[in-house]
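Before any comments, here is the structure.
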Amino acid sequence: MAVNVYDQANALENALRNSDEFQNMKDLYGKVNSNPESKQLFEEFREVQMDLQQKQMQGEEINEEDVQKAQKSAEDIEKDENIKSLMEAEQKMSELIQDLNRVIMKPIEELYGLNNQN
């Protein structure tokens with residue numbers, strides 16, 4: 001009997017949505033959005049990040065003013081406990097996704113002998 005990979009992927013999505021890591025991130029995101037100062041800082045930080053990514057993708061030069069703006073924004077969010085907690089939760093979720101990606105890629109790595117040490 002063939003395994004439907006998409007059914008398995010949908011089950012994995014559901015498991016991620018119900019995971020402690022995601023639920024924690026969701027709760028912390030709610031705290032950021034319910035606090036006007038945190039929300040504004042977070043939106044400004046994301047805007048600065050998106051602007052830098054867009055410049056990089058378009059091959060534009062990132063000047064000193066862009067760098068300073070990004071550094072200031074990063075410093076500001078580090079001082080906000082709501083955002084700091086959310087970013088820590090994002091990091092944990094990212095680690096979980098990286099772990100899952102390693103599991104998913106294992107058959108391909110084994111096929112090509114890319115990970116002989118495991």
Side-chain angles (χ1 to χ4, degrees):
M1 177 184 213
V3 174
N4 185 332
V5 176
Y6 292 102
D7 288 344
Q8 299 296 317
N10 287 322
L12 179 58
E13 178 210 3
N14 190 47
L16 280 172
R17 284 184 189 277
N18 292 309
S19 70
D20 291 341
E21 292 85 354
F22 182 78
Q23 292 302 316
N24 185 42
M25 205 170 96
K26 187 176 174 181
D27 292 343
L28 292 168
Y29 184 66
K31 286 182 181 180
V32 167
N33 281 312
S34 66
N35 180 296
E37 293 86 18
S38 296
K39 183 177 181 178
Q40 182 179 353
L41 279 173
F42 190 66
E43 287 174 355
E44 289 171 1
F45 176 73
R46 290 182 63 197
E47 188 176 308
V48 168
Q49 281 186 317
M50 297 278 282
D51 186 46
L52 287 177
Q53 286 177 345
Q54 187 174 17
K55 284 184 177 186
Q56 283 180 325
M57 288 176 19
Q58 294 175 348
E60 292 181 34
E61 183 177 329
I62 296 174
N63 60 37
E64 185 63 29
E65 182 182 334
D66 293 329
V67 171
Q68 288 178 357
K69 188 175 180 180
Q71 287 174 340
K72 169 101 173 69
S73 182
E75 289 170 7
D76 290 344
I77 66 164
E78 276 292 317
K79 296 174 189 171
D80 187 292
E81 286 303 316
N82 292 322
I83 299 172
K84 188 175 179 181
S85 295
L86 175 60
M87 306 253 327
E88 289 169 359
E90 284 180 359
Q91 180 62 37
K92 288 179 183 175
M93 187 64 161
S94 178
E95 290 169 8
L96 174 61
I97 291 170
Q98 288 175 6
D99 289 345
L100 293 172
N101 189 49
R102 278 191 284 278
V103 171
I104 292 167
M105 294 303 295
K106 194 171 186 174
I108 296 168
E109 291 173 353
E110 288 174 357
L111 177 67
Y112 288 115
L114 297 175
N115 221 355
N116 291 332
Q117 66 268 21
N118 286 344

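Predicted model, so just to flag it, every value in this text is computed and none were measured.
The CD atom of Glu78 sits 11.0 Å away from the OG atom of Ser73 when rounded to the nearest 0.5 Å. Remark: Glu37 CD to Lys39 NZ distance equals 12.0 Å, nearest 0.5 Å. Rounded to the nearest 0.5 angstrom, Glu43 CD and Met50 CE are separated by 12.5 Å. For the atom pair Lys92 NZ and Asp20 CG, the distance stands at 10.5 Å (nearest 0.5 Å). For the atom pair Asp27 CG and Phe22 CZ, the distance stands at 10.0 Å (nearest 0.5 Å). For the atom pair CG of Asn82 and CG of Leu41, the computed distance is 10.0 Å after rounding to the nearest 0.5 Å.
Within 6.0 Å of the CD atom in Glu47, the count of heavy atoms belonging to other residues, nucleotides or ligands does not exceed 12.
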Could you please spell out the steps behind the side-chain contact (heavy atoms from CB on, under 4.5 Å) verdict for Gln91 and Glu95? CA-CA 6 Å; Gln91 180 62 37; Glu95 290 169 8; 3.3 Å; yes
The test is salt bridge (charged side-chain N to carboxylate O under 4.0 Å, His left out); show your working for Asp80 and Lys84 and say whether it passes. CA-CA 6 Å; Asp80 187 292; Lys84 188 175 179 181; over 6 Å; no
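Side chain of Asn101 to backbone of Ile97: no donor-acceptor contact under 3.5 angstrom is found. Using a distance-only test at 3.5 Å, with no hydrogens or angles considered, no donor-acceptor pair links the side chain of Asn35 to the main chain of Lys31.
Sorted by first and then second residue, the pairs that involve residues 49-58 and meet side-chain hydrogen bond (donor to acceptor under 3.5 Å, both in side chains), not counting sequence neighbours, are Lys55-Asp66.
Under the 4.5 Å side-chain heavy-atom criterion for grouping Ile, Leu, Val, Met, Phe, Trp and Tyr, Leu96 is connected to Ile104 within one hydrophobic cluster. Both Met93 and Phe45 are part of a single hydrophobic cluster, where members link through side-chain heavy atoms under 4.5 Å apart. Leu111 and Met105 end up in the same hydrophobic cluster when Ile, Leu, Val, Met, Phe, Trp and Tyr side chains are linked at under 4.5 Å. Hydrophobic clustering of Ile, Leu, Val, Met, Phe, Trp and Tyr side chains at less than 4.5 Å, counting indirect connections, keeps Val48 apart from Met87.
The two residues Ser38 and Ile83 make their nearest non-hydrogen contact at O-CD1, 3.3 Å. Closest non-hydrogen pair, Leu86 versus Met25, comes out as CD1-O, 3.6 Å. The two atoms that bring Leu28 and Ala89 nearest to each other are CD1-CB, 3.7 Å, heavy atoms only.
Contact annotation: the side chain of Arg17 approaches that of Glu13 to within less than 4.5 Å [non-hydrogen atoms, C-beta and beyond]. Here the side chains of Arg102 and Lys106 are not in contact, with every heavy-atom distance at 4.5 Å or above.
A donor-acceptor contact under 3.5 angstrom links the side chains of Glu44 and Gln40, judged on distance only.
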